[in-house]
Amino acid sequence: MAAVTEDRRGGLGWVERGLFTALPTLALGLVVWKLALLELPLSVSWSWVPALGIDLAFRVDGLSALMLLMITGVGTAVFVYAGGYLAGHPGLRRLYVLLSLFMLAMIGCVTADHLVVLFMFWEATSVLSFLLVGFDHERTDSRKSAQQALMITGTGGLALLGGFIMLGQASGTYVISEIVDVLPSLAATPELTAALVLILIGAFTKSAQFPFHFWLPNAMAAPTPVSAYLHSATMVKLGVYLLARLDPGFGEWPLWEWGLKGAGSITAAWGMVLALRERDLKRILAWSTVATLGTLVTLVGLRGEGATVAVGTLLLAHALYKAPLFFVAGNIDHGTGTRVIDHLGNLRHAMPWTAAAALLAGASMAGMPLSFGYVVKDVILEAKSAGDVFAFAKAANTVFGAVAVAVAGVAAVRVFWRHPGVNETCEAHEGGPALVAPPLLLALAGITLGTFPFFAQELIAGATGAMTPDAEAVAFSLALEFGPALLSLLATFAVGVVVYLLWDPLHARFERAARRVGRIGMAAQFERALSWIPRSAAASTRALQTGRLPAYVALAAGTIVIALAAALVADWPSLYWPSADGWPGGGPVGACALIVFGAVAAVLQRDRLVLLLAAGLVGYGSGLLFLFTGAPDVAYTQFTVETVFVIVVASVLLALNRQHRAAGLAEPLWRPGAFMLAVGFGAAVTALLLVATAGSFDTALSQFFAERSVPDAYGRNVVNVILVDFRALDTLGEITVVLLSLIAAVPLLQALRPARDKGDGA
Amino acid sequence: MEYNLASLQPALPEIFLLSAACLILVIDLFLTERTRLLTYGLSLAALAGAVALTLYAAGPEREILFHGSFVRDPMSDVLKIGLLLISLFAFVYAKDYLIELDILRGEYYVLGLFGVLGMLVMISANSFLTVYLGLELLALCLYALVAFHRDSGAGAEAAMKYFVLGALASGMLLYGISMVYGATGQLTFPEVAGVIAGGDADQTVLVFGLVFIVVGVSFKFGAVPFHMWVPDVYQGAPTSVTLFLGSAPKIAAFALTMRLLVDGMGSLVEQWQNMLIILAVLSMALGNVVAIAQSNVKRMLAYSTISHVGFIFLGLLAGTDKGYTAAMFYAITYALTAAGGFGVITMLCRKGFDAENLHDLKGLNDRSPWLAFMMLLIMFSMAGVPPTVGFFAKLFVLDAVISVDMVWLALVAVFFSIIGAFYYIRAVKMMYFDKPIDTAPLAASMDTQVMMSINGLAMLGFGLFPAALLGTCRAAFSG
């Protein structure tokens, strides 16, 4: 639909932009209103595919409510921002349609209470993000990134489907809220383990966890509103959401716990290290998002209520500071034409409002007191001190915290306050209100919640309560406090400042190291794997699909031989071979000799005409055999068919010969493959016939005809009676067909005559 | 049994279609180039009439005709209606294409109608002979149709290969049938099944017969390793024929398998299950992997067909009603999807230009956003992306397989679907993100556009509301 409604001539008017923006605003209002009025959890369900027990089941609990608020809240900001950012862009309407559909899919995802329904919305977000990332499809890199993102998330999605079906089968229900209840009591079967691994793969690809982390920064080719919405606030959080949703069920599994903690910690640390090697502001932010997602996954994996509270808080805080920072990056790009931090500096004069928004969001990201980020750090610290955290997770979190401070410094301080080495930003200008208001408002919300955390308390409490029922009590202690946490935060902060100050030298060092890693890194492996598939595909096409008919027939015949041999071997003990009762008479033996002679001659001959005659001998030999074994009618038929066949083919060959074409076979006499195939096929069919004729033969038909031929048809020659009496209509039909084929042959013969004359002349 | 007109009622669609095809053949003799479209209209009317008669004759009970060689049951009703409707799509898409290539002759539609008749016979077959009769009627029409563009060397080569391999397959099938007949002494499926279940038949001969029958069925389906004809024939045949060949016969092949293996040899399920597992895995693997290397879109769809056949086999080999339902759903919806996919390609063709390369899809969104969107739905359906119908088809099959404890098979299927998604997505990427190579405007007649819209939106419609079709398929087996 999106493609259809695209307007090629220009952007959208105010009215239409307003209408599109009204969509998320209305949704946000609805969510807030319903949350204020209704008791959670809410659930509705409609029957959809009753045959498979698939219901359109939806359930809104605290966690869903938190996600819903983020989706619609950030969505509103994004819709407003997109109107300003892409004002006058011909594809703006397409973008709005896609964004609206995307928002719908997200809402579906976080409210679905049925695995299949969840999966459908999940895939829809993948596909829509493909179209959104590739929005600027004139550019090669954006097309490539779109494809990469879809390959990875789509692949993960299918793995997820496999996992979901197995999970549903194992637990006997597809309803998520029921599965979570049932799971802890189930035994750890291999099926369930496989389901778990597949679900982890699905969630990790979506949330850009190691080793699938590399697609997210590449997806930054998308326009800024898209990045802000999909790649920081909503879609990439889906993986975390799913993990948090299933955590009460799988939480006690060691594989689950260690999978989450391990992958999450690696991602958190590695993402931040990779952030250091970037110069593009948006990519720096993207890597820090990857690291945040890693932290979230680790927190989901950690046991204990504290961790659960931390998940809820970090989810919300991250949406409130990362989306504004993306907007800031977009504003800078919009105002100066570049996002490379080397060319940026001192922008506070030209872009005061953006600078303010950046400062507020940056403060929250760095975890400064009075920002919501501070509350988050506090909560995470508490979660970590719960005791069961392994050392690597702690270290990863320290790296994460420190580099987060540095990244916040780069995004909020460096580009606005530092004097640039090269001043390329003299033309910088501030965007309109649509560009400035969304980041400011979101960042302000972050600060407000930081100063007065109790505003968010109920929301976080609901979300954590949905993940771990006991966690609600802890969440209520969410408040601004300057306890011992402050000290360790200060330490992190100090390290972060050092990283910030040393950004350029660090960058140089990491760039060198990373280039080496790049060759063996995941992105390179992915590319290599992708290029391997087409190569093997091409190779197997060349090997199997030669276009030559004999090769095809050989493959088919070979397969049949193998199948027959397998059946013979499998049945070997119970096979019943015919007993050799005496020698056959001279007639049959002679006929068989004729057949063998014809077959051997056919194999040895290269001239087509002689080959045909040799093959004809096989037919005549069969006819003789029939004659001697008591089936004269079949024998006559065989003789006739064979004669007609030889004559017709021979006349064609003679005609071809006269045109000097195709006199002999070009193939070599000795071909081991063909020989083995022929011997194998002959042996298999011979064995088969021996076995088949030895078995009991159903004599119902011959008895019937023997008994009925005299009383019904007054004839003693049973074969004659069958042909002209019992099957008289069949015989009539056969005669008709033969006559009709003669009619068809007349024009063919006429057509042949001039061709022959021409052939003579040639 | 006594014959009167009323007792022939279950066979009305076949009788009607046979008479109509003969009549149209004669009428066409008297038409000129300018009035040729009358044949087209009459053929569509014949198909529509057959649909109406099928609905009229439909019912929940099982009716047997012609001394047990013909059966009308709920399964045949559903399959016939699906088959006729999909043939309707194929006929409509063919018209513009044939006009552009200047090969619009009446024989095309008459051959098509006889082919459809053959498939109807296959669906309603209740004995080995009837099945074979239908199969050969279909095959002979298809051989002729593949070679329909007489000036095309590729077409002639394709027809030759198809004929030789098809004849080989028919031979195998007949050989298998003769063995089963030798072992059981019966030709009608219920009686064959009865003898086999009674344990009186020679088991060894039966299994050998089964091997040959499975080989024949695999040839007709195009399952690996009996798939070699598929890419060459798909590529060489005129696109409209490929469209017909690649869509409706899949339903008939499903019916063929159901009748032969399930109705006739149901108690040998353990034996044919193992054979089908090998065929299914090979088909999914080879089809999906090799499709990636294709630059010719017809060949790509040919390999895609092979992989989908693997999925249909997957449902069949579950050996449960759930599995048959899933396979039936898959066969019908895949046939519809394939018709749409090839339909889009025929719409890209014009005088002197036969679109068959993947590159011809480039920039389709710039040339015709609506057509591109339809193709997007079709490609997504083939890849199994929700909420298109292809997703549910795959889901049902996987569910059926897992519920008979063949989890590894489901995992293999998912794995190769992932690889398969690659080339469908590449086609979508080309349509939406690449610059068009060919900028000639796309003109299509109204009927084609309407049918294409119905076809594309059906991908979405059946995906959003799969319950109706699934319920119908299920009802076919619960009786």
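What you are looking at is a predicted structure, and each value in this text was computed from that prediction instead of being measured. Labels below follow one simple rule: chain letters A, B, ... track the order of the sequence lines, proteins then strands, and each chain is numbered from 1.
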> Which region of L198(A), side chain (C-beta onward) or backbone (N, CA, C, O), has a non-hydrogen atom less than 4.5 Å from a non-hydrogen atom of chain B, or is it both or neither?
Replying inline: side chain
> Looking at G384(B), A467(B), G471(B), which one has more heavy-atom pairs under 4.5 Å with chain A than the rest?
Replying inline: A467(B)
>> So which atom in V117(A) and which in D55(A) form the shortest heavy-atom distance, rounded to 0.1 Å?
In response: CG2-O, 3.3 Å
> Distance from L168(B) atom CG to I560(A) atom CD1, nearest 0.5 Å?
Replying inline: 6.0 Å
> Roughly how far, to the nearest 0.5 Å, is CZ of F391(B) from CZ of F119(A)?
Replying inline: 5.0 Å
>> Between M228(B), M179(B), Q203(B), R426(B), who has the most heavy-atom pairs with chain A when the cutoff is under 4.5 Å?
In response: M228(B)
> Tell me, side chain or backbone of V428(B) under 4.5 Å from chain A's heavy atoms, or both, or neither?
Replying inline: side chain
> Looking at S218(B), A421(B), G209(B), S403(B), which makes the most heavy-atom pairs under 4.5 Å with chain A?
Replying inline: S403(B)
> What's the shortest heavy-atom distance between V211(B) and A567(A), and which atoms?
Replying inline: CG2-CB, 4.3 Å
> Do you know which of A413(B), S368(B), A293(B) has the most heavy-atom pairs with chain A at a distance under 4.5 angstrom?
Replying inline: A293(B)
> What part of V685(A) lies closer than 4.5 angstrom to a heavy atom of chain B: side chain, backbone, both or neither?
Replying inline: side chain
> In terms of heavy-atom proximity below 4.5 Å to chain A, should M172(B) be classed as side chain, backbone, both, or neither?
Replying inline: side chain
>> Given heavy-atom pairs under 4.5 angstrom as the criterion, report whether the side chain, backbone, both or neither of L564(A) touches chain B.
In response: both
> Contact part of K394(B) toward chain A, heavy-atom cut-off under 4.5 Å: side chain, backbone, both or neither?
Replying inline: neither
>> Nearest 0.5 Å, please: how far is OH in Y174(A) from CG in L115(A)?
In response: 8.0 Å
>> Please give me the minimum heavy-atom distance between G162(A) and V414(B), naming the atom from each residue.
In response: CA-CG2, 4.4 Å
>> Using only atom types and a distance under 3.5 Å, with no angle test, would you say the side chain of W215(A) pairs donor to acceptor with the backbone of T205(A)?
In response: yes
> Counting heavy-atom pairs under 4.5 Å to chain A, which of L286(B), I292(B), D232(B), V207(B) comes out on top?
Replying inline: D232(B)
> Is it the side chain or the backbone of L689(A) that comes within 4.5 Å of chain B heavy atoms, both, or neither?
Replying inline: side chain
> Distance from W122(A) atom CH2 to S126(A) atom OG, nearest 0.5 Å?
Replying inline: 8.0 Å
> Given that the side chain runs from C-beta out, which part of F130(A) has a heavy atom under 4.5 Å from chain B: side chain, backbone, both or neither?
Replying inline: both
>> Quick check on V215(B) against chain A: is it the side chain, the backbone, both or neither that has a heavy atom closer than 4.5 Å?
In response: side chain
> Can you tell which of A556(A), A538(A), A551(A) has the highest number of heavy-atom pairs within less than 4.5 Å of chain B?
Replying inline: A556(A)
> Between V401(B) and A410(B), which heavy-atom pair has the shortest distance, and what is it?
Replying inline: CG1-N, 4.2 Å
> Just by distance, with hydrogens left out, do W370(B) and S453(B) show a side-chain donor and acceptor under 3.5 Å apart?
Replying inline: yes
> What option among F392(B), W229(B), F380(B) has the most heavy-atom pairs under 4.5 Å with chain A?
Replying inline: F392(B)
> Checking heavy atoms, do the side chain of Q271(B), its backbone, both or neither come under 4.5 Å from chain A?
Replying inline: neither
>> Heavy-atom cut-off 4.5 Å, strictly under: side chain, backbone, both or neither for F164(A) against chain B?
In response: neither
> Side chains of N288(B) and Y423(B): is there a donor and an acceptor less than 3.5 Å apart?
Replying inline: yes
> Between V116(A), I54(A), T155(A), which residue shows the highest count of heavy-atom pairs closer than 4.5 Å to chain B?
Replying inline: T155(A)
